[in-house]
Amino acid sequence: QLVESGGGSVQAGGSLTLSCVASRATNYCIGWIREPPGEEREGVAIISLRGSATYADSVKGRFTITRDNGKKLVTLQMSSLEPGDTGTYYCATLTTLGSCDGHLDPREFRNWGQGTQVIVSS
């Protein structure tokens, strides 16, 4: 089970850090997926057990995903936030073991958390 926290409301240009805590250790890649209001879910970032990360083009240079296996924790540091970053953010595990590179399709994930809401106002 994965539990997200850290969402909130910020103005454009601001920062937020989201946390995802797992109930047990996992070797699977863990990703962050967001669902903008009225839109489909989109993968934002994914990180491997060893810390290799992939980002969606829309967040490269602004978001950083990190992983602490000892704490069963994955964080998403978000800076230079834009109104287009508004949405519900979920963490989830990739359905397959192996490389995480490029795996940002929401259909490839399972064990979704309940989500945490991020609102960015202009």
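For the atom pair Thr93 OG1 and Ile46 CD1, the distance stands at 9.5 Å (nearest 0.5 Å). Taking CG of Leu94 as the start and CG of Asn27 as the end, the distance is 12.5 Å to the nearest 0.5 Å.
Under a 4.5 Å side-chain heavy-atom cut-off, the cluster of Ile, Leu, Val, Met, Phe, Trp and Tyr residues that includes Leu97 is completed by Tyr28. With a 4.5 Å cut-off between side-chain heavy atoms of Ile, Leu, Val, Met, Phe, Trp and Tyr, the cluster of Val120 takes in Val10, Leu16, Leu18, Ile30, Trp32, Val44, Ile47, Tyr55, Val59, Phe63, Ile65, Val74, Leu76, Met78, Leu81, Tyr89, Val118. Hydrophobic cluster membership of Leu73, counting Ile, Leu, Val, Met, Phe, Trp and Tyr whose side-chain heavy atoms lie under 4.5 Å apart directly or via other members: Val21.
Closest of all the heavy-atom pairs between Glu35 and Glu39 is CG-O, 3.6 Å. In terms of heavy atoms, Gly43 sits closest to Ala56 at O-CB, 3.5 Å. Closest approach of Ala92 and Leu2 over heavy atoms only: CA-CD1, 3.4 Å.
Judged purely by atom type and a 3.5 angstrom limit, Glu4 uses its side chain to pair as donor or acceptor with the backbone of Cys91. Judged by distance alone, with hydrogens and angles left aside, the side-chain atoms of Thr116 form a donor-acceptor pair with the main-chain N or O of Gly7 at under 3.5 Å. Between the side chain of Thr95 and the main chain of Glu108, a donor-acceptor pair closer than 3.5 Å is present.
Looking at heavy atoms from C-beta onward, Arg62 lies in side-chain contact with Glu82 at the 4.5 angstrom threshold. Side-chain atoms of Arg67 and Leu49, non-hydrogen and from C-beta on, do get closer than 4.5 Å to each other. Between Glu42 and Arg34, some side-chain heavy-atom pair lies under the 4.5 Å cut-off.
For residues 102-122, every residue pair satisfying the ring-ring contact (aromatic ring centres under 6.0 Å, His included) rule, not counting sequence neighbours, is listed here: Tyr90-Trp112. For residues 46-56, no residue pair satisfies the salt bridge (Lys or Arg N to Asp or Glu O under 4.0 Å) rule, not counting sequence neighbours. Residues in residues 27-60 take part in these disulfide (SG to SG under 2.5 Å) pairs, two or more places apart or across chains: Cys29-Cys100.
Crowding of Gln114 atom CD: a count of heavy atoms from other residues, nucleotides or ligands under 6.0 Å exceeding 12.
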